[in-house]
Amino acid sequence: MELFVGVAGVDGVGDAGEIGASAAHREAPARFVEVALALPLFQTFTYAIDREPAHPLVPGTRVVVPFRSRRVVGICLGTRDEPPVRGTPKPILEVPDAQPVLDERLMALCQWMAEYYTVPLGVAVRAALPAALTGAAVPHPARKTQRVAELRGDVPSLLDRDRLFARAPRQREAYEHLESVGGRAPIELLIAQLHCAPSVVRALETRGLIAIVDQVLERDPFATRRTEMPSGHPPTAAQAAAIAALTSAKAGEVYLLHGVTGSGKTLVYIELLRRIVDERGQSAIVLVPEIALTPQTVDRFRAVFGDRVAVLHSALNDGERYDAWLALRAGTKRIAVGARSAVFAPLPDLGAIIVDEEHETTYKQGESPRYHARELAVVRARHAGAVAVLGSATPSLESWVNATSGKYRYLSLPQRVGGGQLPHVAVVDLRRRPGGSTDATARPGDPFSAVISEPLEAALRTTLGRGEQSILLLNRRGYAAFVQCAACGDVTVCPHCSITLTYHRAPDRLVCHYCQHHAPVEPRCARCGEATMRRRGLGTQQVERLITERFPTARVARMDVDTTSGKWAHADILDRVGRGEVDVLLGTQMIAKGLDFANVTLVGVVDADVGINLPDFRASERCFQLLCQVAGRAGRGPKGGRVFIQTRVPAHHAVRYAVSHDYTAFVTDELAGRRQPTYPPFVRLANVVFSGLAEAPTAALAERGADWVRRLAARDGMTGIEVVGPAPCPVERIKQRWRWHMLVKSEQAGPLTRLARYFVRRFPVPAAHGLRMAWDRDPVALL
Ligand code: ADP
Ligand code: ZN
């Protein structure tokens, strides 16, 4: 766990628009205060109150205290008169705010999180508050600007380009680089990355192909985004039934809204919010997987509720985030829309929490506290007496089981709105094709048809001919998956991670997708010295190149984590698709999240098998969800749509039931597979990862950890716990750290919490070899 100590003393924070302390609080103050600090220590700290504090010390109030000769911000847990058993408490330094920053219910949520995920309370509290309040940052930093190059106009086709840049290859390179990073990049960065002269950029500007603008480094994209007026459709019968159920929900009830892709879940959310916010005067939270990938959904809420919506997103700086937090707490904004941390929005009188695309793994935080926002949403809704709505076309198995067992209520939107049909899905069996794979190297003469089958190619051609749009999914970025020596078989791997390096083009280099290590592409094999290095496996960059070569008039946009130079580049690409400026959108799983474009009539999955065989019990579930979701992008308008899935495993249940749009059949099969050996949702699970800079001590630590847990589990009252492992993690080494793990399975939730409470606090991790242990409860991935 990382050590974190905030620096206190931020002027003015917390004083805006607050009520004064009531006289009752001003009577004889208690002598001691118990404080939670954001430290990796499972204890709270006692401080003395040596004079009357400026503001009342009620639980949830910030206090500035000395810690190891620093000023740090902590949270008051309560006061008392008896001194601690040991030690002489130091006096507190300051009580900066008139009002607690965490009300009773948010305090209870933090307490629940600390207990369930076994983290110190201070660490849980830090996750629940904006950085400006925990003292990690200054609230209103000066805005910096930089010179940015922005593409102007349409995406030119390959033919246009050949004309445009006939005698200017450097300009073309810069232009295409800009395009591949989402249409905008800081000039300094552009010049550095391409090693080009500033005159190249100036020439592009003179020709009107780019504009050079001053851009505020951190900007709020929603401040300038325009929204279209909502279409105001009357709800369908199924939507009306769902809305009626949700608006008459009992306090704290949880609903699973299972609606096929294009069934109009957003309208249900909006109508619920109207009742909650407009009619009852309450407030609500809407969680989305990632703001920059779902600008359309966010815009729909903004279109209806205008400036009563606070959009909490990563492009906000600490000051803006804090302003939004204040507006939510004061009630001037009634709806918080955001990614997972929006579950902590300080809304009073909460009426509903909506978790859109509840199956998405982005709801799980990857670092301490490793909370799952869907779980917190359910807990918070219970505390607040609000209704929780978990929406998805492909619910997580956990939510499905909760809904079928009656723990959650089940609502279904079984059909697309307006009589629309789910698209027809055709399977292309790659085993029946010459070459038998989507590896361009398998057919040196015709790399295109090795990657895109004849039926998919024909469909692309027809779709382009009709002026309609296509989406192509390949869940692997880069150009080639790895490079291998054809003579000795050696594969180039990352020196810091046990993972192959991915070949990237433009710029030409090998990249580690775990640690970002870069290496030049060597013509000769490091092991045998032969000049026989070959690129193998397919990535999005290669598909992009093949498509632009085969369809030179098509306007192709690529979207993956490489195509971004700013946090907002992805939303920009999606906006272009929405405006009809892109014919083919190609990308990784990023393009499968909730897009609703009526003119997309074709979806092609270039290789459905990426990830299907990962050593992770959720691999099939992920694959099924991804295939269903991406297929669901097709045929959302009156023109209909169709889908091609290229695969080598057409009989795999994840593929088979995605083809037939049969969620229930998939779940039935998949659940049967989680019984033996048992995996969630039939068992509670923690993945415990031990890591260190040397292999042997890491392995030894893992062995000791597993021994400890086995002995604890053998004690009274600890029934139904099973330890699997330890063993090296599937990815054995990341960023120079060796990694081992064990799985702790428990029939019941309670014993797992109790075991963790003891184990995580007491198990000694030596301060040598950089050894660490991470307890990840309800993990979403085991890699
Ligand atoms: P989902 O999230 O379930 O995939 P969306 O909420 O994106 O679906 O809705 C799909 C499309 O259907 C949107 O373009 C939306 O405007 C439209 N829509 C939703 N409800 C209705 C309705 N009752 N009548 C007509 N169109 C609707
Ligand atoms: Zn690496």
Side-chain angles (χ1 to χ4, degrees), residues 1-8 34-47 62-77 84 86-87 89-90 102 107 109-131 133-137 341 344 364-372 376 686-693 697-698 701-702 704-705 708-709 712 734-742 744 752-779:
M1 256 182 282
E2 73 283 21
L3 185 91
F4 174 95
V5 181
V7 182
E34 207 59 23
V35 177
L37 297 176
L39 302 171
L41 297 171
F42 284 93
Q43 65 174 100
T44 56
F45 298 84
T46 309
Y47 286 89
R62 294 195 307 156
V63 266
V64 181
V65 296
F67 187 84
R68 293 193 188 134
S69 73
R70 284 209 272 173
R71 290 162 62 89
V72 302
V73 175
I75 295 290
C76 163
L77 300 174
R86 271 173 298 150
K90 289 186 204 154
L102 291 166
M107 268 313 268
L109 185 67
C110 289
Q111 239 127 16
W112 186 90
M113 175 163 51
E115 179 84 1
Y116 186 83
Y117 296 103
T118 325
V119 292
L121 183 56
V123 171
V125 162
R126 186 189 60 200
L129 288 173
L133 285 176
T134 48
S341 65
F344 302 113
K364 182 82 155 78
Q365 173 142 301
E367 57 199 46
S368 181
R370 295 179 172 76
Y371 68 87
H372 201 303
L376 291 190
N687 183 29
V688 191
V689 176
F690 303 88
S691 66
L693 294 167
T698 306
L701 181 69
R704 248 181 296 133
W708 257 67
V709 173
L712 282 173
I734 295 179
K735 298 182 188 173
Q736 297 189 316
R737 302 182 65 81
W738 294 92
R739 304 167 73 241
W740 278 59
H741 73 153
M742 66 173 165
V744 184
L752 189 59
T753 309
R754 287 201 297 281
L755 183 135
R757 190 187 303 147
Y758 191 90
F759 177 68
V760 174
R761 289 170 193 224
R762 311 274 175 102
F763 177 65
V765 177
H769 309 290
L771 290 171
R772 283 184 213 155
M773 180 183 72
W775 177 276
D776 183 8
R777 184 162 191 176
D778 303 337

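Along the sequence shown, the residues carry numbers beginning at 1. When reading the values below, keep in mind they use all heavy atoms of this one structure, side chains included, and skip hydrogens, waters and symmetry mates.
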Under 3.5 Å, is there a donor-acceptor pair between the side chain of [X] and the main chain of [Y]?
X      : Y      : result
Arg62  : Leu133 : yes
Tyr117 : His372 : yes
Arg739 : Ile734 : no
Lys364 : Arg370 : yes

Test side-chain contact (heavy atoms from CB on, under 4.5 Å) on Met107 and Leu77 and set out the steps.
CA-CA 9 Å; Met107 268 313 268; Leu77 300 174; 3.4 Å; yes

Would you say the side chain of [Y] lies within less than 4.5 Å of the side chain of [X], judging by non-hydrogen atoms?
X      : Y      : answer
Trp775 : Val744 : yes
Leu693 : Arg737 : yes
Glu115 : Gln111 : no
Tyr116 : Asp778 : yes
Val688 : Met773 : yes
Pro779 : His741 : no
Arg762 : Trp708 : yes

Restricting to non-hydrogen atoms, name the atom on [X] and the atom on [Y] that form the minimum distance, rounded to 0.1 Å.
X      : Y      : answer
Pro766 : Pro764 : CD-O, 3.6 Å
Gly74  : Val35  : CA-CG1, 3.7 Å
Leu121 : Ala114 : CA-CB, 3.9 Å
Val63  : Cys76  : CG2-N, 4.0 Å

Atom pair [atom1]/[atom2] of [X] and [Y] - distance to nearest 0.5 Å:
X      : Y      : atom1 : atom2 : result
Asn687 : Met742 : CG    : CE    : 9.5 Å
Asp776 : Thr118 : CG    : OG1   : 10.5 Å
Ser341 : Tyr371 : OG    : OH    : 5.0 Å
Leu37  : Arg126 : CG    : CZ    : 11.5 Å

Sort out for me which residue in Val125, Val123, Leu376 forms a side-chain contact (heavy atoms from CB on, under 4.5 Å) with Pro369.
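Among the candidates, only Val123 passes.
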
Set of side-chain hydrogen bond (donor to acceptor under 3.5 Å, both in side chains) partners for [X], sequence neighbours left out:
X      : answer
Thr698 : none
Glu34  : Thr44, Thr46, Arg80
Gln736 : His496

Which of parallel (below 30°), tilted (30 to 60°) and perpendicular (above 60°) describes Phe763 and Phe690?
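Geometry flag for Phe690 against Phe763: perpendicular rings.
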
Where does the angle between the aromatic ring planes of Phe45 and Tyr47 fall among parallel (under 30°), tilted (30 to 60°) and perpendicular (over 60°)?
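The arrangement is tilted - the two ring planes meet at 30° to 60°.
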
